[in-house]
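This report concerns only the one structure given below.
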Amino acid sequence: MYLVSAYFDKETNKKLHGYIKAIAKETGNTFMTENKVPPHMTISAIEAKNIEVLAPKFETLKGKIWTGKIKIVSMGQLLPYVFYATPVLNQYLEELSGEVYNAFSGIDETRISKYYQPHSWLPHITLGKTLTPEQMVAAFDVMQKQFAPMEATIVELGLAKVNPHEDYARIVL
């Protein structure tokens with residue numbers, strides 16, 4: 001599995017990383033910190049045999065995408081075990097999702113997850129993963145005390161493999 005993800009400006013990155021660390025401390029679940037998963041928002045998840053088939057398509061995104069502002073306004077969960085921050089789905093995110101989908105769709109021997117296709121994508125920024133029900137409650141508790149809505153700027157797009165997270169390439173927007 002490979003991900004195309006958006007990365008944030010330094011201030012947003014610092015805040016989100018602080019939330020990840022606070023959740024890890026409060027819950028005892030260190031999946032995100034141990035695996036060094038950076039704050040990011042996945043735009044596409046692609047099943048492929050190797051990264052070499054994806055790399056040329058990733059490069060075609062240069063010049064087609066740009067920095068953009070988003071508003072991160074809420075917290076939520078993907079049951080049974082993911083806690084996340086969520087942005088408002090604005091025109092910028094819709095266009096970004098569409099450009100990424102168009103770049104990678106139609107590659108032989110690949111499959112884009114149905115959860116990351118235009119008009120069926122829930123933008124989210126994972127802050128805790130593999131949480132038990134009790135840890136999920138603890139994550140909500142700590143975030144109710146710390147979270148505040150924020151504006152963020154997407155400044156990079158990356159191509160990475162998962163488990164463990166490993167960056168392959170990034171495009172500075």
Side-chain angles (χ1 to χ4, degrees), residues 2-27 29-46 58 61-78 81-104 112-113 115-131 136 139-162 165-173:
Y2 298 94
L3 303 179
V4 177
S5 299
Y7 295 94
F8 307 102
D9 61 277
K10 287 180 184 180
E11 183 179 329
T12 302
N13 199 53
K14 183 178 177 180
K15 286 180 187 176
L16 293 172
H17 189 66
Y19 293 157
I20 290 169
K21 290 191 319 189
I23 289 170
K25 181 179 178 184
E26 184 73 19
T27 65
N29 181 309
T30 57
F31 179 90
M32 297 288 287
T33 54
E34 282 183 9
N35 290 294
K36 298 178 176 67
V37 180
H40 69 282
M41 180 173 43
T42 301
I43 308 298
S44 189
I46 307 164
F58 182 73
L61 291 168
K62 287 181 180 175
K64 292 183 181 178
I65 54 175
W66 58 95
T67 61
K69 301 269 187 200
I70 62 171
K71 292 180 182 173
I72 303 170
V73 298
S74 186
M75 299 280 129
Q77 61 186 12
L78 295 171
Y81 58 84
V82 173
F83 186 86
Y84 64 86
T86 188
V88 173
L89 180 57
N90 61 13
Q91 183 174 349
Y92 170 75
L93 287 179
E94 291 233 8
E95 290 174 2
L96 181 60
S97 172
E99 285 291 342
V100 170
Y101 180 80
N102 290 339
F104 290 96
I112 298 174
S113 168
Y115 299 111
Y116 289 94
Q117 295 184 18
H119 309 293
S120 67
W121 170 53
L122 173 68
H124 65 281
I125 303 155
T126 300
L127 301 176
K129 193 170 180 178
T130 70
L131 298 170
M136 192 72 78
F140 267 109
D141 184 54
V142 72
M143 284 297 97
Q144 282 180 324
K145 296 171 186 164
Q146 293 189 21
F147 178 77
M150 68 182 100
E151 187 170 271
T153 304
I154 293 174
V155 297
E156 287 184 283
L157 200 67
L159 177 62
K161 76 176 196 70
V162 297
H165 179 93
E166 183 181 328
D167 282 326
Y168 177 77
R170 288 206 186 187
I171 298 171
V172 176
L173 307 179

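Bear in mind that the values here come from a model prediction, so they are computed numbers and not experimental data.
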**Q.** Check against side chain to side chain contact (heavy atoms under 4.5 Å, CB included), Leu16 and Met150
**A.** CA-CA 10 Å; Leu16 293 172; Met150 68 182 100; 4.2 Å; yes

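- In this structure a side-chain-to-backbone donor-acceptor pair under 3.5 Å is missing from Ser97 to Glu94.
- Taking every heavy atom of both residues into account, Trp66 and Leu173 meet most closely at O-CD1, 3.4 Å.
- Looking at Asn90, its side chain does come within 3.5 Å of a backbone N or O of Lys69 through a donor-acceptor pair.
- No side-chain donor-acceptor contact under 3.5 Å links Asn29 and Tyr81.
- The side-chain contact (heavy atoms from CB on, under 4.5 Å) search around Glu166 returns Lys161, not counting sequence neighbours.
- When side chains are defined from C-beta on, Leu131 does not count as touching Phe31, because their heavy atoms never get closer than 4.5 Å.
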**Q.** Verdict with reasoning, Phe58 to Tyr168, per side chain to side chain contact (heavy atoms under 4.5 Å, CB included)
**A.** CA-CA 10 Å; Phe58 182 73; Tyr168 177 77; over 6 Å; no

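- Distance check: Lys64 NZ to Leu157 CG gives 12.5 Å after rounding to the nearest 0.5 Å.
- With sequence neighbours left out, the side-chain contact (heavy atoms from CB on, under 4.5 Å) criterion links Asn102 to no other residue.
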Q: Report the C-alpha separation of Leu3 and Leu159 in whole Å, then their side-chain angles, then the decisive distance to 0.1 Å, and conclude whether the side chain to side chain contact (heavy atoms under 4.5 Å, CB included) test is met.
A: CA-CA 6 Å; Leu3 303 179; Leu159 177 62; over 6 Å; no

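- Of all heavy-atom pairs between Pro87 and Pro123, the closest is CD-O, 3.5 Å.
- When all heavy atoms are compared, the tightest approach of Tyr19 to Gln146 is OH-O, 3.6 Å.
- The line from CD1 of Ile72 to OG1 of Thr86 is 9.0 Å long, rounded to the nearest 0.5 Å.
- Remark: Thr67 OG1 to Tyr92 OH distance equals 6.5 Å, nearest 0.5 Å.
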Q | Worked check of side chain to side chain contact (heavy atoms under 4.5 Å, CB included) between Tyr84 and Leu127 | A | CA-CA 5 Å; Tyr84 64 86; Leu127 301 176; 5.5 Å; no

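- With rounding to the nearest 0.5 Å, the separation of CG in Leu61 from CD1 in Ile43 is 10.5 Å.
- Checked by atom type and distance alone, the side chain of His17 never pairs as donor or acceptor with a backbone atom of Lys15 at under 3.5 Å.
- With rounding to the nearest 0.5 Å, the separation of CZ in Phe83 from OG1 in Thr126 is 11.0 Å.
- A side-chain contact (heavy atoms from CB on, under 4.5 Å) with Ile154 is found for one member of Leu93, Thr12, Asp9 and no other, namely Leu93.
- The closest donor-acceptor contact from the side chain of Trp121 to the backbone of Ser44 lies at 3.5 Å or more, if one exists at all.
- When atom types are taken as modelled, the side chain of Tyr116 and the backbone of Ile46 share no donor-acceptor pair closer than 3.5 angstrom.
- Here the closest non-hydrogen pair linking Asp167 and Ala160 is OD1-CB, 3.8 Å.
- To the nearest 0.5 Å, atom CD of residue Gln77 and atom CE of residue Met136 are 4.5 Å apart.
- Taking the six-membered ring for Trp and thresholds of 30 and 60 degrees, Tyr7 and His165 have ring planes more than 60 degrees apart, a perpendicular arrangement.
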Q | Test log, rule salt bridge (charged side-chain N to carboxylate O under 4.0 Å, His left out), inputs Arg170 and Glu156 | A | CA-CA 7 Å; Arg170 288 206 186 187; Glu156 287 184 283; 3.1 Å; yes

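- The shortest distance between side-chain heavy atoms of Leu78 and His124 falls below 4.5 Å.
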